[in-house]
Every structure is written in structure tokens, then in C-alpha cells.
Amino acid sequence: MKTQRLFPLWCWLCLLPVFANAQSDLFDFGFTRNPHITVIHPSDTLLQPWTGGMNSIFFSPIDLDLDNYPDLVGFEKHGNRILPFLWQNGRYIYAPQYAHCFPDLHDWAILKDYDGDGKSDIFTYGLAGIRIFHNTSTDTLSFELVTEQLPAWYYNGYVNLYASPDDYLVVDDIDGDGLIDILNFWVLGKYVHYLRNYADSPGLFDMRLEESCWGHFSEADDNNTITLFTDCDNKSDDEPLRHTGSSMLLLDIDGDSTQDLLVGDVDSPHLIYLHNGGTNSDATMDSQDTLFPSNAPVVLYSMPAPAQVQIPGLPGPSLIISPSDPSLAKSQDLQSVWRYDYDTLLHQYTLVQKDFLQKEMIDVGSGCRPVLYDWDGDGLTDLFLANYGQFDSASVVNGFLVSDFSSSIQYYHNEGSATQPAFRLADTDFGHLRDLNLQALHPTFGDLNDDGLTDMLCGNKEGTLILVPHQRITTGSGDIETDYRNISTDGFSTPQLFDLDNDGRSDLLIGNRRGLISYHHNIGICGMTDFEHITDTLGQVDVRDFNQSYFGHSVPCFFRDPVHGTVLFCGSESGHIRYYNHIDGNLNGAFTLSEYTLAETVNGQPLRLREGIRTGVAVGMLYGDNMPDMIVGNYAGGVSFFSGSEQMHHGTGIANIHETQYQTYPNPTTGMIFCTSSAPQDPIQTMEIFDLSGRCLLQSGSDHLDLSALANGLYILIINHHSRHKIIKQ
């Protein structure tokens, strides 16, 4: 059986309009990405500050601009972001315009040329397997889906070639025949499987299990211990109940023309080097180094994933290593991208830096939330960046890695002008809060103790509010109020002080983990502050996306525009920036969700913002041109700047089916599941239910499906062969 261009569902057309389902001809606002706003940090000007941060990134080579010169693309696991970098003038330069040319990818992505045409194709996680996209670039960068699931021959027949969402497997020509092979850990196994490609020519796939114990070694089921010279012939009795997660990279470390192996493991900060004493196709790992490289070992919590990159001008390949643990609260988040260059004479890797590309951008750790406020009263809006936290330390408790994070707020003073902002880092712990060991601080500003001075009110992971008085901020002394007015939410409170009813007094609006917004009306008189709780479901705003999470993590930014009045921009767990209008005079009703996700203008076309997960948003007039500007933060710890631009027409051409929004309901379900499409040109044509092992259980050619016959549990629904949704049957 050979697989060639299976399920050719679409050709990725770069930079097409994608909002054909909009409610009016023009967007209310236009936003264009602007990477050129100066940021000084603290004395050096950052080269590319608005890249968006890095926590857990894997790099692959690719020619982005089709100039026959290799560039670089990073896949950021914490938010499934694509970060393209062009090689220009001796360095890598962030080129976000190319991100929209990539399909939606998730969990992991490895770029490798599988058909010998010199263009990097995409191997990425699918439904318990491997999805493949062929690079079809001619005049512009583009990709075409080849297969949703790569099949392979296992023992008695062809089944789905298993891949874990947590592993970085090997995609390489292992036996030197010009065809791409696969090394992976089996679903229940601590052994590496070698899937050899038996196709007749490059560009085809005929994967077959060649060796179920490649390298003759085993990995422990609960730690990173490697046992060499393992007999895997009868392994059914001692296989673990689960495979916990590993990363692998095949490369010739000692220069003997035989491929060795680097292995990272979940909950471990180290890479293990396994020396191959056999051949490439019949490998035997005969020695190991548990602290690689010995001259400067990798120490990256957790599960470091190495990528091999040839940086132009260097004699040998470099290693770029970053954590790949899927958890959002385990990994190092600053100095989390280590670069090692290869010494071709000594045949060893030398540590060059711990913040490859990361040092050139704003990165506050994990979970960046921007807030705009003129703190010093000079008429220029300053920038505050709060975080979920920064990685402090890690320890193993009852066999599991537990990491400690502490939250802080960075203050960037705007030292530009009324028509050109420029930010300088002035304080890395604004309000002196990091020693409190809190998580997910989120500030807003106003006079809350009625002394005529601006105070800071912070939400946090516990859902309470913390009042930080002006004196504490300016002098470092003074008490904070840790449970302000006994106001609390369902965790991850994100307050904003904003005069919602336009009565001259700042009201209190609070987002939360559930994805809703609570409203506390300011009823104070004579300049006093007094809040009255009105509702926990203001405007019936709910930013949860049940296809991704039960939580919404709403981050409201109300803004009063001279043309459109009061509007709401809201960050979310899914990463979409929701936009609501029809708020003035409608505080007791439902706000209108005008845009499910905001657009940015790229090459004259509106395209969906793709800024990762747990986004925060700040909107303000920073150029004095009456067009609101926007700063978006994401969980990887960085921010992106979008200048206000002319309003764009909603797209009326062919909609990219990746951008269609599907809604499924009810979820959880006891039986029937229904689906709706936001785009008339992309109706519901197929619905397929898969179990977690990749088996198709049910199919439908309509917009509904009956799950009554299935056992209770978690399933995957695939709509129109491409859109995945988690479904719970109960």
C-alpha cells in the first residue's frame, strides 16, 4: 500500500480574505502589525521587540521568500504559533507576514523535504498520528494537505502510524535510500520503533515497521533512565501502562558517519546522548552520556527538544534546544532557547547563548498581559506588562515535576511623542509584588482610597483583588490590601477600571477564568469610591470555546471610541480577540459580538490574528491620529504591536476553510451532536467521530450525528475532514 497525496482537500492560498461572514461591509477598526516601535531594554534598543515571546519553540529550516537561501521557522508549542525569520544582512529577522501562509498546526511541527524538490514540507501532529503538508510554493509560499493520518504496516496490516502530541519524533532518511523514515515511541512502549519507507520513489509513502526495538535500548516509564542492550523480543509483560513523553534527534555527533541519538524526557531538564555502535538502519546504542554535552550540559525544564539548524556562515550545524513539555506551568520561560554551535575539529558542541533570538524581543516569562496607562501624567500613555509568572525553580514531588512561578509587573515608560511612541523599561517589579509569590497578576489604575493619588488594583490567580496604594509603588513601603472589598471571581481575575455608564466615575469590570465579565457600578458620591455589584454576566459576554477548553480566561479592554462609542476588545483562552459593540445604552442587554476574532491587515487583505493562547489586549490612541492602536500579549510571554489603520472591507472572495468557525452543541452530550458553520460557502458536509487511538467510529453526511451507541468518554469530532473538536459523551 502506498500513500500519495491522500485526501487533497485544499491548496493553501496565501493571504486570501477570510471574513466573508461578517455583518457589514467594513470592519469597525483596522489594525496593521507594526514591529518598528522603539523599545529600550533597559539601555540597549531591542532589535525585534514585538515578536511575541518564546517559551517552548522548535526550529526548522525553510526558504520563506523563495530566494533559494535557507530561512528559519519556529513552532511555539505554548499557543501553536508560527514564527518565521528571514536570513538578511547576517542575521535572522522576524517576518510575520509569512505566518499566514502556513496551515493551522498544533502540538508539534517538523519541516523536512520528503520529495527531493528542495522545499521544506510539514510533518505535524494529527489525530493520534502524523499529518503531512506538501510545500507547493511557486511564486508565493503555500502548502497542500497530503494526508490527515499517515498509515503504516504493523504486523498484520496497515493502521494509523501512531504519534503522540507530546513527543518530538524523528523524521529523517535513516537508511540513506533517499526516502523519509520515522522513529517514534510506540503508544504503550518504552522502545523506539523504526518505520521504514518502502515506496518506489521520493514523494511517496509506504511505511512499514522495520524494527520494534531500534537501537536496542529502553526508556524507563517514569523517568529518563536509559537501559542499553535491551532484548525487546518479548516485551509485552514489562511494557509500561503509558508513555510519558520524549523528544528525539538523530545526528552524527562524533563524526564517524553513523547517526547517534539525543533523547529528552518529560520532567527532566537534561539531554541524553546515545552513541550508535552499529549502523544507521541496524543501530545498537553502546554507550550514553546523561549530561550532554559534557562541557556545558543542557539544563532546561522540562523535556528539552533539540533541533539541528545550519546557520549561514558557520562551518557546522548548530543545535537549538528549548523545553517541549506540554504543561503551561512546568517549563523555563526566560533564557529558554539554548544555542550550541558545532566545533568540526573537536567534534563537540559549544554553548553560545541561552536566549537565541529571545534576547532581541520583549519576553516577560509566561502569560503576558498588556495594560496602557499614563502613570507619570506627562500626557503620553505608558505600557505595563503583567505575567502569569516567571519560572523560579523546579522539584520532583511524588515522582512528578512541580515548578514554581512568581508573578510581577514590568513598567515601560513612554519617552516618545504624541505622534510616535517609544518605550523604555523603567521597572521590572512595579509595585514590589514579586516577593509575594503570586501568579497571574493583572493591573488597572485609579484613585481607590480617595487620597487624590493613583493606586493600582491587581487581579490574580486566586480570583481576588489586591489594592496597591500609591505610596507602596513610589517608595516601596506601605501595606497592600490583599482582599479588596471582598470582591472575588472564579479565579484569574482581570480587572479594568472604566467609566462604563459615562457618569464620570470609574466602574469596575472583571474578567475571569470562566470567560465571563462581572460589573461593579461605582455609586460613590463626592469623589468617594463605592462599588455595587450588578451582574456576573455583563453583556452576556462569554469567550469560552468548548472545542478547546472549558475555561475562557476573559481579559476585557473596554474602550471609548469617538466614532463607535463604547466597545469591548476581549482576550481569551483560545487566543481569539473578540470584539463587541452596541454597548452604550444596553448595559442590561446582550452586547453584539461583531467579530469572533479580530483581523489584521496584511498586503491589503484582512486576516485572522494568530497570537497564541491566553491573549491579553490593550487598546489606546498612541499616534494622535484618532485611530486606535492595539497591543496583544500571549502565553509565550511576549507582545505584538498593531497600529491603527484604515478600515478594511470584509473579504468577499474564496474563504480559506481553515478560517471558518464551526460551533458544536451540546457538548458534553448524551446523544445527538449538532454543528453549524459560520461561512455559507463552507457548509457542513461530513462529520466523523474518532476514538483517541485514531479509529473512525461514526460518520455522517449531514450537520448532526447520534452518539447514543458510544460508551461515555472523550472523542474527537472532525468536520469536513479538517476541523477537530473534542466531544464528551456522558
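Here the structure is a predicted model, which means the values were calculated and not measured.
Pro628 and Val619 make their closest contact through CB-CG1, 3.7 Å (heavy atoms, listed as atom of the first residue, atom of the second, distance). Closest approach of Ser554 to Leu516, counting heavy atoms only: OG-O, 2.6 Å. In plain terms, the two heavy atoms of Ser324 and Ser56 that are nearest each other are CA-OG, 3.3 Å. Shown here for Pro443 and Met456, the closest heavy-atom pair between the two residues is CB-SD, 3.7 Å. Considering all non-hydrogen atoms of both residues, Ser493 and Thr464 come closest at OG-O, 2.8 Å. Listed here is the closest heavy atom pair of Asp382 and Tyr412: CB-O, 3.5 Å.
Asp429 and Ser408 are not linked by any side-chain donor-acceptor pair at a separation below 3.5 angstrom, with hydrogens and angles left out of the test. A donor and an acceptor atom, one from each side chain of Tyr596 and Arg578, are located under 3.5 Å apart. Checked by atom type, the side-chain pair Gln390/Ser406 shows no donor-acceptor distance below 3.5 Å. With hydrogens and angles left out, the side-chain atoms of His576 and Asp545 include no donor and acceptor closer than 3.5 Å. When only modelled atom types and interatomic distance are considered, Thr381 and Asp374 share no side-chain donor-acceptor pair under 3.5 Å. Asn634 and Glu611 share no side-chain donor-acceptor pair at under 3.5 Å. A donor-acceptor contact under 3.5 angstrom links the side chains of Arg560 and Thr566, judged on distance only. Between the side chains of Ser366 and Asn55, at least one donor N or O lies within less than 3.5 Å of an accepting N or O. Asn512 and Thr489 form no side-chain donor-acceptor contact under 3.5 Å, judged by distance and modelled atom types alone.
Contact check for Val39 versus Thr45: no side-chain heavy atoms found under the 4.5 Å cut-off. Side-chain atoms of Tyr301 and Ser331, non-hydrogen and from C-beta on, never get closer than 4.5 Å to each other. Taking the side chain as every heavy atom from C-beta outward, Leu385 and Ile362 approach each other to under 4.5 Å. Proximity of Ile40 to Thr38: side-chain heavy atoms (C-beta onward) are separated by under 4.5 Å at one or more points. Inter-residue side-chain proximity for Asp507 and Tyr519 is flagged as met; some heavy-atom pair is nearer than 4.5 Å. Side chains of Gln439 and Asn460 form no contact here, defined as non-hydrogen atoms less than 4.5 Å apart. Taking the side chain as every heavy atom from C-beta outward, Leu351 and Trp338 approach each other to under 4.5 Å. You'll find the side chain of Tyr635 stays beyond 4.5 Å of the side chain of Glu573, heavy atoms only.
Without hydrogens or angle criteria, Gln48 side chain to Tyr94 main chain gives a donor-acceptor distance under 3.5 Å. Between the Asp490 side chain and the Arg513 main chain, no donor and acceptor come within less than 3.5 Å of each other. Between the side chain of Ser407 and the backbone N or O of Gly389, no donor-acceptor pair lies under 3.5 Å. Side chain of Ser518 to main chain of Asp536: no donor-acceptor pair is present (N/O by atom type, distance under 3.5 Å, no hydrogens or angles). Between the side chain of Asp107 and the backbone N or O of Thr124, no donor-acceptor pair lies under 3.5 Å. Remark: side-chain polar atoms of Ser403 are not paired, donor with acceptor, to backbone N or O of Ala394 under 3.5 angstrom. Within the 3.5 Å criterion, the main-chain N or O of Arg339 finds no donor-acceptor partner in the side chain of Gln353. A donor-acceptor pair is defined here as one N or O able to donate and one able to accept, closer than 3.5 Å; such a pair exists between the side chain of Arg472 and the backbone of His432.
Interatomic distance, CZ of Phe405 versus OH of Tyr388, reported as 6.5 Å (0.5 Å rounding). Taken to the nearest 0.5 Å, the CZ atom of Phe492 stands 13.0 Å off from the NE2 atom of His442. Atom-to-atom distance recorded for Asp450:CG and Asp530:CG is 9.5 Å, nearest 0.5 angstrom. Separation of atoms CG (Asn414) and CG (Leu380) is listed at 4.5 Å; rounding is to 0.5 Å.
Pro49 pairs in a side-chain contact (heavy atoms from CB on, under 4.5 Å) with only one of the listed residues (Thr51, Leu47, Leu46), which is Leu46. When each of Leu497, Asp455, Leu453, Thr454 is tested with Asp447 by the rule side-chain contact (heavy atoms from CB on, under 4.5 Å), just one qualifies, namely Asp455.
Not a single salt bridge (Lys or Arg N to Asp or Glu O under 4.0 Å) links Glu76 to another residue, sequence neighbours left out. Residues satisfying the ring-ring contact (aromatic ring centres under 6.0 Å, His included) test with Phe75, not counting sequence neighbours, are none. Looking at residues two or more places apart in sequence or on another chain, you find a ring-ring contact (aromatic ring centres under 6.0 Å, His included) between Phe58 and Tyr168.
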Start with the C-alpha gap between Leu508 and Asn522, add the side-chain angles, then the distance that decides, and say whether side chain to side chain contact (heavy atoms under 4.5 Å, CB included) holds. CA-CA 7 Å; Leu508 178 60; Asn522 190 343; over 6 Å; no

Run the numbers on His270 and Leu300 for side chain to side chain contact (heavy atoms under 4.5 Å, CB included), then give the verdict.
CA-CA 7 Å; His270 305 300; Leu300 273 171; over 6 Å; no

Residue pair Leu328, Ile613: steps toward the side chain to side chain contact (heavy atoms under 4.5 Å, CB included) verdict: CA-CA 11 Å; Leu328 297 180; Ile613 58 171; 3.9 Å; yes

Using the rule given for side chain to side chain contact (heavy atoms under 4.5 Å, CB included), can you reason through Ile577 versus Glu595, listing the C-alpha separation, both sets of side-chain angles and the distance that settles it, and then say yes or no? CA-CA 8 Å; Ile577 306 297; Glu595 302 296 339; over 6 Å; no

request  = Could you go through the ring pair (Phe, Tyr, Trp, His ring centres under 6.0 Å) check for Trp375 and Phe430 one step at a time?
outcome  = CA-CA 11 Å; Trp375 170 253; Phe430 190 81; 5.1 Å; yes

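Relative ring orientation between Tyr125 and His106 is described as perpendicular, the plane-to-plane angle rising above 60° on a 0-90° scale split at 30° and 60°. Below 30°, between 30° and 60°, or above 60°: for Tyr411 and His413 the angle between ring planes is above 60°, a perpendicular geometry. Ring-plane geometry between Phe569 and Phe31 is classed as perpendicular, the angle between the planes exceeding 60 degrees on a 0 to 90 degree scale with a lower cut at 30.
Screening residues 530-551 for ring pair (Phe, Tyr, Trp, His ring centres under 6.0 Å) gives His520-His533 as the qualifying pairs, with residues at least two apart or on separate chains. Listed by first and then second residue, the salt bridge (charged side-chain N to carboxylate O under 4.0 Å, His left out) pairs involving residues 320-332 are Asp267-Lys330 (not counting sequence neighbours).
For Arg505, the CZ atom sits in a packed shell: over 12 heavy atoms of surrounding residues, nucleotides or ligands are nearer than 6.0 Å.
Ionic pairing of Arg514 and Asp542 is not present here: no N-O contact between side-chain nitrogen and carboxylate oxygen is shorter than 4.0 angstrom.
Between Phe559 and Phe498, the distance separating the two ring centers is not shorter than 6.0 angstrom.
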Identify each donor-acceptor pair in which a side-chain atom of residues 480-487 lies under 3.5 Å from a protein atom, sequence neighbours left out, and give them as a table.
| from | atom 1 | to | atom 2 | distance (Å) |
| --- | --- | --- | --- | --- |
| Arg485 | NH2 | Thr529 | O | 2.7 |

